[in-house]
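The next block holds one structure in the form of structure tokens; read it before the comments.
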Amino acid sequence: MRRIAIINQKGGVGKTTTAVNLAAALARLGQRVLILDLDPQAHATTHLGIPADGQTPSMYDVLVANRPIAEVRRQVCENLWIAGADINLAAAEVELAGVVGREVILRDLLGPEDGEFDFLLMDCGPSLGVLTLNALSAASEVFIPLQPHFLALHGLGKLLETTALVARRINPGLRVSGIVICMLEANLRLCQEVIRDLQDYLDKARNGATPWSGAKIFESKIRRNIKLAECPSHGKPIFDYAPSCHGAEDYTDLAREVVGEPATVIAARVRIEGTPTEEIRRPAAVNEPAEAR
């Protein structure tokens with residue numbers, strides 16, 4: 001089972017949209033997928049039409065009361081399950097404060113799920129607290145959704161430094177696999193420049209000892225699409241709400257890329273055209289983590 005944490009401490013960059021719709025796309029490809037909603041805002045839970053009312057077992061019960069995930073998860077469609085969240089999860093940060101080994105509770109509870117699913121996607125909140133640390137400790141891979149704007153790049157270094165710290169102290173196998181570009185407007189020069197700047201940064205990390213030395217920017221980029229913004233209010237993934245829109249196409253391509261299938265139409269759909277170097281006014285580089293300096 002591939003364990004993937006989807007994280008970014010900046011809000012509004014497409015974490016939940018990516019977690020839910022990538023999971024739905026993988027399920028449509030025949031993969032058995034489990035989503036863990038580790039955000040007290042419970043956006044992934046709501047996105048899939050499940051009331052986050054605190055009346056049913058949630059990830060709060062898993063983390064605080066050691067309840068088996070099998071008793072909490074529920075199937076939402078063919079090949080897709082979710083262990084939901086609710087507002088009670090916000091209390092977990094406080095209630096686990098004095099617990100020894102609080103960062104690895106989730107990792108220890110995931111063992112029974114390994115043979116049940118092909119993919120585990122963990123939707124994390126916009127913070128680097130105990131819940132996100134549990135996800136990083138349990139994950140083998142990290143996907144970072146990123147909006148191609150300067151401010152979205154600004155905190156990336158701190159996020160990468162956190163993955164390095166977790167890899168060094170708790171989870172030596174943790175790797176940043178890739179960055180998912182979300183809300184892309186390919187005709188804007190700023191988007192092109194930010195992506196190019198990020199690619200240069202990743203290229204410089206190649207062959208290093210950091211968890212992101214093998215990271216890539218996924219070829220499949222998620223274009224800005226109003227249908228992606230609308231579908232959570234209907235409690236549906238994009239494939240059930242608007243299956244022919246650009247958002248559905250893009251997440252299908254991303255799922256194919258994640259499982260290793262060739263996506264022959266990706267480059268044609270979302271191509272980032274080059275700009276002559278002398279015309280580029282580059283934004284400031286990604287803040288370099290201490291371990292990489």
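Only this structure's heavy atoms are used, side chains among them; waters, hydrogens and symmetry mates stay out. Count residues from 1 along the sequence.
- Tested against Asp123, the residues Thr18, Thr45, Thr16 include a single side-chain hydrogen bond (donor to acceptor under 3.5 Å, both in side chains) partner, Thr16.
- Looking at Asn171, its side chain does come within 3.5 Å of a backbone N or O of Ser137 through a donor-acceptor pair.
- Side chain of Thr163 to backbone of Leu160: a donor-acceptor contact under 3.5 angstrom is found.
- Here NZ of Lys227 is found 7.5 Å from SG of Cys245. Values are rounded to the nearest 0.5 Å.
- Using a 4.5 Å cut-off between side-chain heavy atoms of Ile, Leu, Val, Met, Phe, Trp and Tyr, with links allowed through other members, Leu159 and Ile217 fall into the same hydrophobic cluster.
- Within the 4.5 Å cutoff, no side-chain heavy atoms of Arg73 are placed close to those of Ile82.
- Panel note: side chain Thr132, backbone Ser127; a donor-acceptor pair is recorded below 3.5 Å.
- Between Ala42 and Ala85, the closest heavy-atom pair is CB-O, 3.4 Å.
- Between Leu22 and Val258 there is a side-chain heavy-atom pair separated by less than 4.5 Å.
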Run the ring-ring contact (aromatic ring centres under 6.0 Å, His included) test on Tyr251 and Phe239 for me, step by step, so that the C-alpha distance in whole Å, both residues' side-chain angles and the decisive distance to 0.1 Å come before the verdict. CA-CA 9 Å; Tyr251 277 109; Phe239 305 100; 7.5 Å; no
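- For Arg67, the salt bridge (Lys or Arg N to Asp or Glu O under 4.0 Å) partners at least two apart in sequence or on another chain are Glu71.
- Expressed to the nearest 0.5 Å, how far CG of Leu198 lies from CD1 of Ile181 amounts to 6.0 Å.
- Under a 3.5 Å cut-off, the side chain of Lys15 and the backbone N or O of Lys10 do form a donor-acceptor pair.
- Put simply, the side chain of Asp240 never gets that close to the backbone of Lys236: no donor and acceptor are under 3.5 Å apart.
- Using a 4.5 Å heavy-atom cutoff, the side chains of Val259 and Gln31 are in contact.
- Using a 4.0 Å cut-off between a side-chain N of Lys or Arg and a carboxylate O of Asp or Glu, Glu113 and Arg3 do not qualify as a salt bridge.
- Arg206 places a side-chain N or O within 3.5 Å of a backbone atom of Ala215 that can act as its donor or acceptor partner.
- Under the ring-ring contact (aromatic ring centres under 6.0 Å, His included) criterion, His149 pairs with no residue, sequence neighbours left out.
- Within the hydrophobic cluster formed by Ile, Leu, Val, Met, Phe, Trp and Tyr side chains joined at under 4.5 Å, directly or through other members, Ile87 stands alone, with no partner residue.
- Hydrophobic cluster membership of Phe117, counting Ile, Leu, Val, Met, Phe, Trp and Tyr whose side-chain heavy atoms lie under 4.5 Å apart directly or via other members: Met1, Leu34, Leu36, Leu38, Met59, Tyr60, Val62, Leu63, Val64, Ile69, Val72, Trp81, Leu89, Leu96, Val99, Ile105, Leu106, Leu109, Leu110, Leu120, Met122, Val130, Leu131.
- For the atom pair OG1 of Thr162 and CG of Leu133, the computed distance is 7.5 Å after rounding to the nearest 0.5 Å.
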Go through it in stages, so that I can follow the logic: the residues are Phe218 and Ile179, the test is side-chain contact (heavy atoms from CB on, under 4.5 Å), and I'd like the CA-CA distance, side-chain angles, deciding distance and then a yes or no. CA-CA 6 Å; Phe218 283 107; Ile179 295 174; 5.9 Å; no
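- Under a 3.5 Å cut-off, the side chain of Glu185 and the backbone N or O of Cys191 do not form any donor-acceptor pair.
- Side-chain contact between Asn8 and Val13 is present, with heavy atoms from C-beta onward closer than 4.5 Å.
- At least one side-chain heavy atom of Pro126 sits less than 4.5 Å from a side-chain heavy atom of Gln41.
- In plain terms, the two heavy atoms of Ala248 and Ala242 that are nearest each other are CB-O, 3.8 Å.
- Heavy-atom minimum distance, Pro145 versus Cys182: CB-SG, 4.0 Å.
- The distance from the CD atom of Gln192 to the CG atom of Leu184 is 9.0 Å, given to the nearest 0.5 Å.
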Check the pair Val180 / Ile144 against side-chain contact (heavy atoms from CB on, under 4.5 Å), numbers first and verdict last. CA-CA 6 Å; Val180 182; Ile144 302 176; over 6 Å; no
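- In this structure, Glu78 and Gln75 approach most closely via the heavy-atom pair CA-NE2, 3.9 Å.
- Annotation: side chain of Glu103 is in contact with side chain of Ile170 (closest heavy-atom distance under 4.5 Å).
- A donor-acceptor contact shorter than 3.5 Å is absent between the side chain of Gln9 and the backbone of Leu128.
- Residues meeting the salt bridge (Lys or Arg N to Asp or Glu O under 4.0 Å) test with Glu95, sequence neighbours left out: none.
- By the 6.0 Å contact criterion, CG on Asn207 is open, its count of non-hydrogen atoms from other residues, nucleotides or ligands being 12 or less.
- With rounding to the nearest 0.5 angstrom, the CD1 atom of Ile238 is 9.0 Å from the OG1 atom of Thr17.
- Residues passing the side-chain contact (heavy atoms from CB on, under 4.5 Å) test with Asp86, sequence neighbours excluded: Ala52, Ser58, Asn88.
- Counting heavy atoms from C-beta outward, Phe119 and Ile4 have side chains that approach closer than 4.5 Å.
- Salt-bridge formation is not detected for the pair Glu193/Arg196: no Lys NZ or Arg NE/NH1/NH2 atom is positioned less than 4.0 Å from an Asp or Glu carboxylate oxygen.
- A distance of 5.5 Å separates OG in Ser220 from CG in Leu254, rounded to the nearest 0.5 Å.
- Counting only heavy atoms from C-beta outward, the side chains of Ser140 and Arg175 never approach each other to under 4.5 Å.
- Formation of a donor-acceptor pair under 3.5 Å by the Arg32 side chain with backbone atoms of Glu116 is found in this model.
- Between Pro57 and Asp61, the shortest heavy-atom contact is CA-OD2, 3.3 Å.
- Residue Ala24 comes nearest to Pro237 through the heavy atom pair CB-CB, 3.7 Å, listed as atom of the first residue, atom of the second, then distance.
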